[in-house]
Novice: 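I have a structure here, written as structure tokens, and I will follow up with some questions on it.
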Amino acid sequence: MKVLLTGAAGFIGYHTAHRLLERGDHVQGIDSLNDYYPVSLKHDRLALLGSQPGFQFQQLDAARRDLFETIGEHVADADAIVHLAAQAGVRYSVKNPFAYVDSNVTGQVAIFELAARLPKRPPVVYASSSSVYGASETVPFSETARADSPVSVYAATKRAAELLAHAYGDLHGIHSTGLRFFTVYGRYGRPDMAPWLFTDAILKGNPISVFNHGEMQRDFTHISDIVNGVVAAVDRITGDPAGTEPIYNLGNNSPTMLLDFIAAIEKAVRRPAIMEMRPKPSGDVLRTFADISLAERDLGFKPKTSLEDGIADFVDWFRNYPGLNLGSAS
Ligand SMILES: NC(=O)c1ccc[n+]([C@@H]2O[C@H](COP(=O)([O-])OP(=O)(O)OC[C@H]3O[C@@H](n4cnc5c(N)ncnc54)[C@H](O)[C@@H]3O)[C@@H](O)[C@H]2O)c1
């Protein structure tokens with residue numbers, strides 16, 4: 001199978017590409033290599049992918065209006081598009097809303113326009129987010145619940161992307177699957193996310209900011225489990241396009257209190273955290289909790305990695321990663 005994969009230099013894109021290549025698929029990766037976090041980490045991921053047969057890469061903005069003219073020829077034989085490129089991060093969207101509209105909304109239109117013009121009209125598996133559930137108090141979050149009260153620009157753009165996917169299905173018959181990821185962590189993860197920030201600070205003896213006095217819960221999901229879900233979604237939609245749900249939650253179905261999460265890092269690092277309690281940032285939600293019954297039924301999705309094992313593996317990688325001098329990660 002040949003896959004066009006956007007966001008290939010990103011955290012989830014890198015791991016997904018790696019898995020697809022490992023099983024013999026061809027991956028045409030694109031990524032704008034934006035500097036939201038240090039680009040050296042993206043280059044390190046790409047270097048690892050480049051050593052695997054079947055990987056090709058082009059630095060490209062997936063939100064270009066002339067995407068078809070730019071790469072249409074290279075990907076004319078693509079069997080599927082995995083669209084993971086996005087401006088991620090809830091807090092950054094407070095100050096930089098346009099980056100989100102450009103990458104996440106215009107980018108979604110550009111990718112679906114491309115799919116509609118390619119000869120094989122490949123199905124699109126794209127990344128959405130648990131943030132679309134907003135401040136919903138009904139848990140676990142189910143795909144059938146309304147998701148029309150986002151509390152951040154990031155969430156609103158992710159929900160807009162889902163609605164656009166629906167419109168392209170109706171208008172152009174493009175099949176798609178949206179995957180609502182729940183707080184993904186693991187090796188080669190993102191320097192702006194809590195696992196990285198906390199591990200880095202605790203190792204250096206620096207204080208960590210604990211929001212809402214630790215009264216927050218996240219359904220932390222290990223990258224290996226997420227990749228299982230993404231690849232299963234690709235296989236399902238290429239094999240049986242009409243038999244998939246439009247949207248699946250990919251989460252751990254087991255929310256963790258922030259203080260327990262910090263304790264897991266302290267245990268793996270073998271040092272205590274210095275905690276500074278802070279109010280909840282606006283845009284952050286208090287809790288995420290995935291109902292994964294649909295993904296289990298259709299994709300065989302069953303998270304296997306315990307938080308303890310996943311964090312131990314992340315910390316082990318973090319201690320040995322030579323590219324750690326990333327500036328913004330400290
Ligand atoms: N990591 C998580 O916990 C999480 C949770 C929910 C949803 N998501 C979604 O999963 C996807 C992957 O996230 P990630 O954690 O790997 O983030 P990431 O920032 O590591 O990866 C995204 C990649 O997309 C690239 N990119 C951004 N805009 C682009 C554009 N216009 N054209 C081409 N490339 C562009 C970036 O350079 C980056 O390498 C995103 O859509 C994100 O919104 C992630």
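Indexing begins at 1, ligand by ligand and atom by atom, following the structure's order. This is a predicted model, so every value here is computed, not measured. Just so you know, these numbers use all the heavy atoms, side chains as well, and skip hydrogens, waters and symmetry mates.
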Novice: Between Tyr185 and Phe11, is the ring centre distance below 6.0 Å?
Specialist: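 So the answer is no for these two rings.
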Novice: Report yes or no: is the cationic atom of Arg218 (NZ for Lys, CZ for Arg) under 6.0 Å from the centre of the six-membered ring of Phe261, at an angle within 45° of the ring normal?
Specialist: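 No, a cation-pi geometry is absent between Arg218 and Phe261.
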Novice: When the aromatic ring centroids of Phe289 and Phe141 are compared, is their separation below 6.0 Å?
Specialist: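 Not close enough - the centres of the two rings lie 6.0 Å or further apart.
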Novice: Give the table of side-chain donor-acceptor pairs shorter than 3.5 Å for residues 263-270, with sequence neighbours excluded, one pair per line with atom names and distance.
Specialist:
unit_1	atom_1	unit_2	atom_2	d
Glu266	OE2	Ala273	N	2.7
Lys267	NZ	Glu308	OE2	2.1

Novice: Looking at Asp77 and Lys2, does any basic side-chain N land under 4.0 Å from a carboxylate oxygen?
Specialist: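 Here Asp77 pairs with Lys2 in a salt bridge, since their nearest N and O are under 4.0 Å apart.
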Novice: Is it possible for you to check whether Lys42 lies under 6.0 Å from the centre of the six-membered ring of Tyr37, through NZ or CZ, and within 45° of that ring's axis?
Specialist: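 The answer is yes; both the distance and angle limits are met.
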Novice: Report each N/O pair between ligand 1 and the protein that falls under 3.5 Å, naming both atoms.
Specialist:
unit_1	atom_1	unit_2	atom_2	d
ligand 1	1 (N)	Arg190	NH1	3.3
ligand 1	3 (O)	Val184	N	2.8
ligand 1	15 (O)	Arg190	NH1	2.8
ligand 1	16 (O)	Phe11	N	3.2
ligand 1	16 (O)	Ile12	N	2.8
ligand 1	20 (O)	Phe11	N	2.9
ligand 1	20 (O)	Tyr37	OH	2.5
ligand 1	28 (N)	Ser103	OG	2.9
ligand 1	31 (N)	Asp61	OD1	2.8
ligand 1	31 (N)	Ser103	OG	3.1
ligand 1	32 (N)	Asp61	OD1	3.4
ligand 1	32 (N)	Ala62	N	2.7
ligand 1	34 (N)	Ser32	N	3.0
ligand 1	34 (N)	Ser32	OG	3.3
ligand 1	37 (O)	Asp31	OD1	2.6
ligand 1	37 (O)	Asn34	N	3.3
ligand 1	37 (O)	Lys42	NZ	2.8
ligand 1	39 (O)	Gly10	N	3.3
ligand 1	39 (O)	Asp31	OD1	3.2
ligand 1	39 (O)	Asp31	OD2	2.7
ligand 1	39 (O)	Lys42	NZ	3.4
ligand 1	41 (O)	Leu84	O	3.1
ligand 1	41 (O)	Lys158	NZ	2.8
ligand 1	43 (O)	Tyr154	OH	2.7
ligand 1	43 (O)	Lys158	NZ	3.1

